[in-house]
Undergrad: 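Input: one structure, supplied below.
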Amino acid sequence: MLPRRPWGRRIGVALACVLMGHAIPAFAVRVDPAGLDAAQVAATQTLVDDVLARLPRAWRGGLPRDLVLAWRTDLPHDVQGRRHGRRLWLDRDLLDDPDASAARKALVHELAHAYDRAHRNVLSGDARLRDLAGWQRSVFRVAGRRSRNDFTARSPDRYELTRPSEFVAVNLEHYVLDPTYACRRPALHRHFAMHFGEPAVDAACAPGLPFLEADAARGDAALLAMDPARVYEVDYLLAEGNTQAMSRWGHSMLRLVVCAPGRPPGPDCRLDLAHHRVVSFRAFVGDVQISGWRGLTGSYPSRLFLLPLDQVIEEYTKVELRGLQSIPLRLRQDEIASLLERAAQLHWSYDGSYYFISNNCAVETWKLLHDGVPRLAEAPLASITPTGLLEKLAREGIADRSVLDDADQARRLGHYFEPASARYDALFAVAREALALPQRDVQAWLSLAPGERARWMPDADLKASAALLVLETAALRRQQLLLRDELKRRYLGRDVPEDAALAVQALKAWLGDTSFVSRPAELAQEGYGLPQSVERTRIAAEAQARVARLRSQDASLRRDLERWLPEDQREALRGIEANVETIGARLRALAAAGAS
Amino acid sequence: MSRLILAGVLLALSVPALAGSFAGSSAGASSAGSSASSDSSSGDDKIVLQAREDAASFVASHGRIRGAQLEAALRHLRETDEAARRASDMQLAQAILAR
């Protein structure tokens, strides 16, 4: 790949070095002494020697043979270095800077360009590099790569986003000069190390992959350090579609089968549900004005969330009444590790835009698999729908759908979480038989006023009480949904009544304040890439502070808005809550009696 | 179990309902700061709490409906409690309901 040089030129350079009295190898960078005094020439030479000694051998040896370094005073204000053919120019101010680090950085940057160009963009033109850097493939093959790089958060230098060659030069600065680079951008570090034939370093990184986890059940956001070695499997998690227009296609996620502390990774981890996590791309909406049009035009940010599996089960199967299919992916342990590392990188740096068709959850999940596991990048998996992606994963032998063959076993082992509504008829039949209920079906039962249902509860036996508990909980969720829709319809649309305007304003501000959950980079101003120890301490503290603030406002917001909901609906909610309490107490009494 | 209902109503509700119908789910995007229904529960309690509806379905259906959250809780109880190892699935499911 190295361009051939005439022998005469090579000898000339070697001769020049000998004449200048420096024992510099033939590939060295020559210093242009014009306009410099002896001390300045020596300082420049020291800089060159210092930088060359730091470069990987393959890089040093792969530089063009006749580079000449000169200082310039006429570079544009924000430019520290420039390269033109064989000539490298650095900003003259850097020469006088007692701290040599800026000059060093600038020189590494230009030498990176020189190397990359001399080898026909061997680094910046590489497909894997572009995947890692964030010039992602389009889901439509003919469209090639997207011209935009959305990895805008926690960048060491936004200049890297201008084009792949600058990305390479900026990142090689850090690869060479920053000992934390291997911790902050581990995949890129490995990529460069492999290219230059350098051994992988064992950097002392902060342990685990950091994720800010949003836990709705606990009303909390905590910083996790995920250890990939504790992840036994990764499942493709598909939320089945329903009749709602926007969720007709379903939703695709990844489930991380994390083993409980102390349990060796293996099939037993599959039932450690409380420790499992879900990686889900969602359109974060800190704004209550939702419109389909904005979804089509990419006005919503698409971001990666890490959620507890239990919360996801609750949301989909119990609130939205949609089934969840959890299909294991055949991945090696090292592939799981690189996939999670990629997810963490996205979590801290990616701020994409959500498009219904070209960049929805299925496309994001496909890109995560594509960029996180090189083997999967080879497979034809690109798909714009969640079910389509699953089809292709199965066809390629990556997803194993046979886990669904035995329906009972699939439910028991957590490969299928059925919608809660699938159980309602059977449970109502139990209660109807035990109590001789006159209602014909579960719908009729649930449409009774809560007080009507309460009348039957004192007579229910254990089985009937258990059935009524599930149905009453369903009624509770349904009533909450109703209030939510009421709130949305009456106050979050265009015609906000004037007297509610203040409360609605407060709600909108409050929603905006929750955005850090989806963009954790907001929590740490310093550092780049994956946060290391010092930043993590700060991030955890800042997240706690923000959660506390949200919680304290939450109560007053609730009081303010509650007043605007219809009294009969609020009354119904209170009635259902009382019923849930009543059945709970009855179950405790019956179980205690049964146990004695 | 203290519940901040409207927190539930708003959080589980407003944003997510909107975001949800849109992005595929109904809660979560801005779930930090939402209702605290199980603040004080330890990890152990949480596993059992999550299994409550599965356990109720199991008891009501005489063992016919068996969900994964119940399976997880049964195994957890047996791993951590000597007495639970001698109890039947039905007895444990009832014990979960009795909490």
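Proteins get letters first, then strands, A, B, ... in listed order; numbering begins at 1 in each.
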Undergrad: Could you tell me which portion of Ile65(B) (side chain, backbone, both or neither) has an atom closer than 4.5 angstrom to a non-hydrogen atom of chain A?
TA: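 The answer is the side chain of Ile65(B).
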
Undergrad: Could you state the interatomic distance from CZ (Arg270(A)) to NE2 (His415(A)), rounded to the nearest 0.5 Å?
TA: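 Going from CZ on Arg270(A) over to NE2 on His415(A), the span is 4.0 Å.
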
Undergrad: Name the member of Gln553(A), Lys318(A), Glu314(A), Arg549(A) that forms the most heavy-atom pairs with chain B at distances under 4.5 Å.
TA: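 Of the candidates given, the most pairs with chain B belong to Lys318(A).
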
Undergrad: Specify which of Ala467(A), Ala420(A), Ala466(A), Ala431(A) makes the most heavy-atom pairs with chain B at under 4.5 Å.
TA: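 Highest number of heavy-atom pairs under 4.5 Å: Ala466(A).
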
Undergrad: Working to the nearest 0.5 Å, report the span between CZ of Phe417(A) and OG1 of Thr317(A).
TA: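 With rounding to 0.5 Å, CZ (Phe417(A)) is 8.5 Å from OG1 (Thr317(A)).
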
Undergrad: Do Glu472(A) and Arg586(A) sit within salt-bridge range, that is, some charged N less than 4.0 Å from a carboxylate O?
TA: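 No.
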
Undergrad: Verify, without hydrogens or angle tests, whether Arg52(B) (side chain) and Leu97(B) (backbone) share a donor-acceptor contact under 3.5 angstrom.
TA: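 Yes; at least one donor-acceptor contact below 3.5 Å.
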
Undergrad: Let's go through Arg411(A) and Arg66(B) carefully: what are the C-alpha distance in whole Å and the side-chain angles of both, what is the deciding distance for side-chain contact (heavy atoms from CB on, under 4.5 Å) to 0.1 Å, and is it a yes or a no?
TA: CA-CA 7 Å; Arg411(A) 276 190 290 266; Arg66(B) 268 184 99 103; over 6 Å; no

Undergrad: Quick one: what part of Arg263(A) sits under 4.5 Å from any heavy atom of chain B, side chain, backbone, both or neither?
TA: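 Arg263(A) touches chain B through side-chain heavy atoms alone.
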
Undergrad: Please classify the contact of Asp461(A) with chain B as side chain, backbone, both or neither, using a heavy-atom distance under 4.5 Å.
TA: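 The answer is neither part of Asp461(A).
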
Undergrad: Answer with side chain, backbone, both or neither: which region of Leu469(A) has an atom nearer than 4.5 Å to a non-hydrogen atom of chain B?
TA: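 Contact with chain B: side chain only.
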
Undergrad: Please state whether the side chain, the backbone, both or neither of Gln91(B) comes within less than 4.5 Å of a heavy atom of chain A.
TA: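 For Gln91(B), no heavy atom lies under 4.5 Å from chain A.
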
Undergrad: Could you measure the distance from the NE2 atom of His76(B) to the CG atom of Leu271(A)? Nearest 0.5 Å is fine.
TA: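 Result: 12.5 Å between the selected atoms.
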
Undergrad: Which bit of Leu468(A) comes within less than 4.5 Å of chain B, counting heavy atoms only: side chain, backbone, both or neither?
TA: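 Contact with chain B is absent: no heavy atom of Leu468(A) under 4.5 Å.
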
Undergrad: Please confirm whether the backbone N or O of Arg85(B) pairs with a side-chain atom of Arg78(B), one donor and one acceptor, at under 3.5 Å?
TA: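 No; zero donor-acceptor contacts below 3.5 Å.
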
Undergrad: So which residue, Leu462(A), Asp310(A), Val430(A), Val470(A), ends up with the most heavy-atom pairs under 4.5 Å with chain B?
TA: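 Answer, by heavy-atom pair count under 4.5 Å with chain B: Asp310(A).
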
Undergrad: Above 12 or not: heavy atoms from other molecules or residues under 6.0 Å from CD of Glu433(A)?
TA: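 No, CD of Glu433(A) has 12 or fewer neighbouring heavy atoms, counting only those of other groups under 6.0 Å.
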
Undergrad: Mind ranking His275(A), Arg412(A), Lys463(A) by heavy-atom pairs under 4.5 Å with chain B and telling me who comes out on top?
TA: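 Of the candidates given, the most pairs with chain B belong to Arg412(A).
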
Undergrad: Does any heavy atom of chain B fall under 4.5 Å from the side chain of Tyr416(A), the backbone, both, or neither of them?
TA: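 Looking at Tyr416(A), nothing touches chain B.
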
